[in-house]
Amino acid sequence: MSEVSGTPETSGHGPSASPRLLAPAGALPIGAEWRAMPHTSDVVFPFDGSVVAQAPVSGERDSLDALDAAEAARPEVAALTAAERRGILMAIHDRVREEADRLVELLVLETGKPRVDCRTEVSRTIVTLQATAEEVSHIGGETVPLDLQELGRGMIGYYTRKPAGIVIGIAGFNYPLLLATHKLAPAIAAGCPVIVKPAPNTPLATLELLAITREALAAHGVTAAAAQLVNGDPIVGETLVRDPRAAVVSFTGSAKIGHLIAQQAAPRKAVLELGSNTGFIVAADADVEAAVDAVLRGGFYANGQACISVQRVVLERPIAAQFSARLAERMGELVVGDPRDERTNVAPVINAASGERIRAMVARAVAAGARVLVGDPGAGSGSGVGTGALAAAGAAGIDPIVLADVPADVDVWCEEVFGPVVALTVVDSIDEAIDLVNDSRYGLQAAIYTASLESAFAAIERLEVGGVVVNEIPGFRSDIMPYGGVKDSGIGREGPRFAIEEFTVTRMAMIRPRARG
């Protein structure tokens with residue numbers, strides 16, 4: 001891109017510095033104690049590949065022990081009053097807010113996301129904790145008119161919501177702190193013990209969340225086994241998911257792994273927030289400049305590693321040339337470089353394997369007829385091509401790429417790229433645009449830019465997704481709203497109120513005040 005940023009002189013510490021942690025070194029919160037782990041793995045700063053920490057790694061036995069401890073804690077956690085659960089969550093909220101700056105630093109180092117995105121993640125985490133605490137007072141039930149049928153004449157019926165049991169929360173690497181919070185906080189609100197498994201390459205901020213949570217539990221006289229964390233290879237998570245004591249598995253990650261987890265968890269509940277290849281429609285009557293701005297804001301945040309970032313842009317023909325030209329002109333506004341720099345918008349993706357996968361997808365699209373409108377698919381591949389700001393990242397460094405005339409049958413259009421790549425195509429009508437967005441195995445969120453209420457409501461009614469955004473980026477998410485997808489993008493909903501419902505079960509009471517003789 002036309003602007004780059006290098007390593008800031010006042011970044012606070014170098015990429016190899018060991019971050020200060022609340023969690024005891026080399027230990028994981030398993031059972032009521034912090035258990036020392038014999039093995040560790042490197043946590044790597046994606047920008048330059050330097051090792052920033054050694055993360056403790058657990059094994060299959062540790063997962064079984066965590067389940068044993070959670071099962072033993074289940075009656076105590078279920079018996080917590082609403083006031084106690086709310087108090088615990090507000091205590092976590094207050095401590096996270098106190099540690100916000102340090103958590104931002106941890107997220108920058110382990111995820112490689114630009115500082116601005118990490119700051120947003122921590123802010124959203126704080127909001128989610130407070131919103132979940134407030135939602136505790138709204139957990140309830142309803143009366144049921146049993147006398148609708150003659151058999152129920154004279155009877156009283158109502159249901160309440162009870163804790164489902166142990167919740168397993170498995171989070172992705174792109175928003176590790178926020179995603180873990182969307183599982184841990186509603187579990188505590190619902191009265192369920194929770195075992196969290198972070199992505200192996202981004203465990204640091206999540207470990208801090210668990211340390212804070214267990215401090216809050218102890219301050220309220222509750223066993224620390226109510227909130228635990230395991231970290232390691234797939235067998236560590238599979239052991240949790242397959243165990244019949246796990247009442248609910250809440251997973252955020254790829255569709256492939258999510259489908260496997262659903263099979264492993266069956267017949268118990270799986271709440272799946274999976275990937276997508278988000279559609280973004282720009283109508284002929286749209287404010288083109290605003291739509292271009294939305295692609296800049298919505299296509300490259302978190303280095304493109306967001307399941308609702310702009311990926312497929314569908315342009316109505318009358319504005320297609322104007323939009324494409326203006327987007328190409330404005331791509332230079334994106335600052336590419338060191339994620340620790342306040343100015344940076346785009347930094348390297350999580351690792352070299354992801355970088356190579358993304359380049360291969362782009363190469364296949366170009367071979368099938370797509371044009372590279374902006375960017376160099378070879379940048380960061382070791383060829384020496386591309387911005388010097390990403391040279392240290394090697395294959396993980398990818399300059400933002402915009403492809404035009406992308407065929408609908410190539411994987412950069414059909415699948416989730418999960419990187420800084422946006423694909424453009426042109427259609428002749430809003431109906432055709434909606435049909436094209438719907439022609440996907442995914443359906444998380446989609447967006448339309450238009451000045452027409454008719455077009456906006458056509459999109460809302462017809463797009464086969466969990467959420468439709470009008471005149472804003474498809475990556476818009478309020479942390480209190482019901483969030484989730486359809487088709488291969490998942491099942492169930494997150495957001496404090498809705499996750500609590502997922503983590504509870506109804507218990508029906510059917511009462512005849514006076515027994516019949």
Side-chain angles (χ1 to χ4, degrees), residues 89 121 124-125 127-142 159 161-172 174-175 177-192 194 196 241 246-255 257-259 261-262 265-276 278-279 306-309 416 440-447 460-461 463-470 472 474-506:
L89 288 167
E121 178 174 357
R124 289 179 59 190
T125 297
V127 169
T128 300
L129 285 163
Q130 180 169 356
T132 309
E134 292 170 352
E135 199 61 46
V136 169
S137 63
H138 301 301
I139 301 172
E142 294 182 2
Y159 70 83
R161 304 201 72 90
K162 297 295 184 181
I166 299 171
V167 172
I168 308 299
I170 305 176
N174 55 334
Y175 281 81
L177 179 67
L178 179 62
L179 295 176
T181 300
H182 269 289
K183 302 172 193 313
L184 179 143
I188 293 173
C192 299
V194 59
V196 176
V241 170
V248 185
V249 178
S250 178
F251 170 77
T252 302
S254 71
I257 301 303
H259 297 169
I261 283 175
R268 289 160 291 112
K269 181 184 286 188
V271 180
L272 305 176
E273 196 275 278
L274 309 179
S276 194
T278 305
C307 48
I308 47 177
S309 65
E416 182 175 44
S440 171
R441 70 187 184 100
Y442 297 109
L444 190 47
Q445 290 196 167
I460 292 168
E461 291 300 315
L463 283 170
E464 297 167 354
V465 293
V468 177
V469 189
V470 179
E472 187 49 88
F476 177 87
R477 178 182 177 183
S478 167
D479 287 287
I480 63 170
M481 74 185 198
Y483 176 72
V486 299
K487 299 191 280 190
D488 280 4
S489 286
I491 188 169
R493 293 294 181 266
E494 288 193 337
R497 169 188 166 187
F498 309 96
I500 291 168
E501 290 180 359
E502 300 282 5
F503 297 168
T504 54
V505 293
T506 60

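FYI, side chains are in, hydrogens and waters are out, and symmetry mates aren't considered; it's all heavy atoms of this structure.
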If you measure from [atom1] on [X] to [atom2] on [Y], what distance do you get to the nearest 0.5 Å?
X: Asp479; Y: Gln130; atom1: CG; atom2: CD; result: 12.5 Å
X: Arg477; Y: Arg124; atom1: CZ; atom2: CZ; result: 5.5 Å
X: Ile261; Y: Ile170; atom1: CD1; atom2: CD1; result: 4.0 Å
X: Ile500; Y: Glu502; atom1: CD1; atom2: CD; result: 11.5 Å
X: Arg497; Y: Glu135; atom1: CZ; atom2: CD; result: 7.0 Å
X: Leu89; Y: Thr128; atom1: CG; atom2: OG1; result: 11.5 Å

- Query: Looking at residues at least two apart in the chain, or sitting in another chain, which of them share a salt bridge (charged side-chain N to carboxylate O under 4.0 Å, His left out) with Arg161?
  - Reply: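 So Arg161 forms no salt bridge (charged side-chain N to carboxylate O under 4.0 Å, His left out) with any residue.
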- Item | Contacts of type salt bridge (charged side-chain N to carboxylate O under 4.0 Å, His left out), residue Glu121, not counting sequence neighbours |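 Glu121 satisfies salt bridge (charged side-chain N to carboxylate O under 4.0 Å, His left out) with Lys113 only.
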Please find the pair of heavy atoms, one from [X] and one from [Y], that lie closest to each other, and give the distance.
X: Phe476; Y: Val469; value: CB-CG1, 4.4 Å
X: Leu179; Y: Gly172; value: CD1-N, 3.7 Å
X: Pro163; Y: Ala190; value: CG-O, 3.1 Å
X: Ile308; Y: Thr278; value: CA-OG1, 3.3 Å
X: Lys269; Y: Glu501; value: NZ-O, 4.2 Å
X: Ala262; Y: Ala270; value: CA-CB, 4.3 Å

- Show your reasoning for whether side chain to side chain contact (heavy atoms under 4.5 Å, CB included) applies to Glu273 and Leu444. CA-CA 8 Å; Glu273 196 275 278; Leu444 190 47; 3.5 Å; yes
- Does CD1 in Ile491 sit with more than 12 non-hydrogen atoms of other residues, nucleotides or ligands closer than 6.0 Å?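 Open.
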- Query: Around atom CD1 of Ile460, are there more than 12 heavy atoms of other residues, nucleotides or ligands at under 6.0 Å?
  - Reply: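 Result for CD1/Ile460: enclosed.
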Using a 3.5 Å cut-off and no angle test, enumerate the donor-acceptor pairs between side-chain atoms of residues 246-253 and protein atoms at least two apart in sequence or in another chain.
from: Ser250; atom 1: OG; to: Lys183; atom 2: NZ; distance (Å): 3.1
from: Thr252; atom 1: OG1; to: Lys183; atom 2: NZ; distance (Å): 2.9

- Query: How far apart are the C-alpha atoms of Glu142 and Tyr159, what are their side-chain angles, what is the distance that settles it, and do they pass the side chain to side chain contact (heavy atoms under 4.5 Å, CB included) test?
  - Reply: CA-CA 6 Å; Glu142 294 182 2; Tyr159 70 83; 3.5 Å; yes
- Query: For Glu416 and Cys307, what are the C-alpha separation, side-chain angles and deciding distance, and is it a side chain to side chain contact (heavy atoms under 4.5 Å, CB included)?
  - Reply: CA-CA 8 Å; Glu416 182 175 44; Cys307 48; 3.6 Å; yes
- Task: Answer yes or no: is there a donor N or O on one side and an acceptor on the other, between the side chain of Glu494 and the main chain of Tyr483, under 3.5 Å?
- Result: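 Judged by distance alone, no pair lies under 3.5 Å.
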- Item | Verdict with supporting geometry, Thr181 and Leu129, side chain to side chain contact (heavy atoms under 4.5 Å, CB included) | CA-CA 7 Å; Thr181 300; Leu129 285 163; 3.8 Å; yes
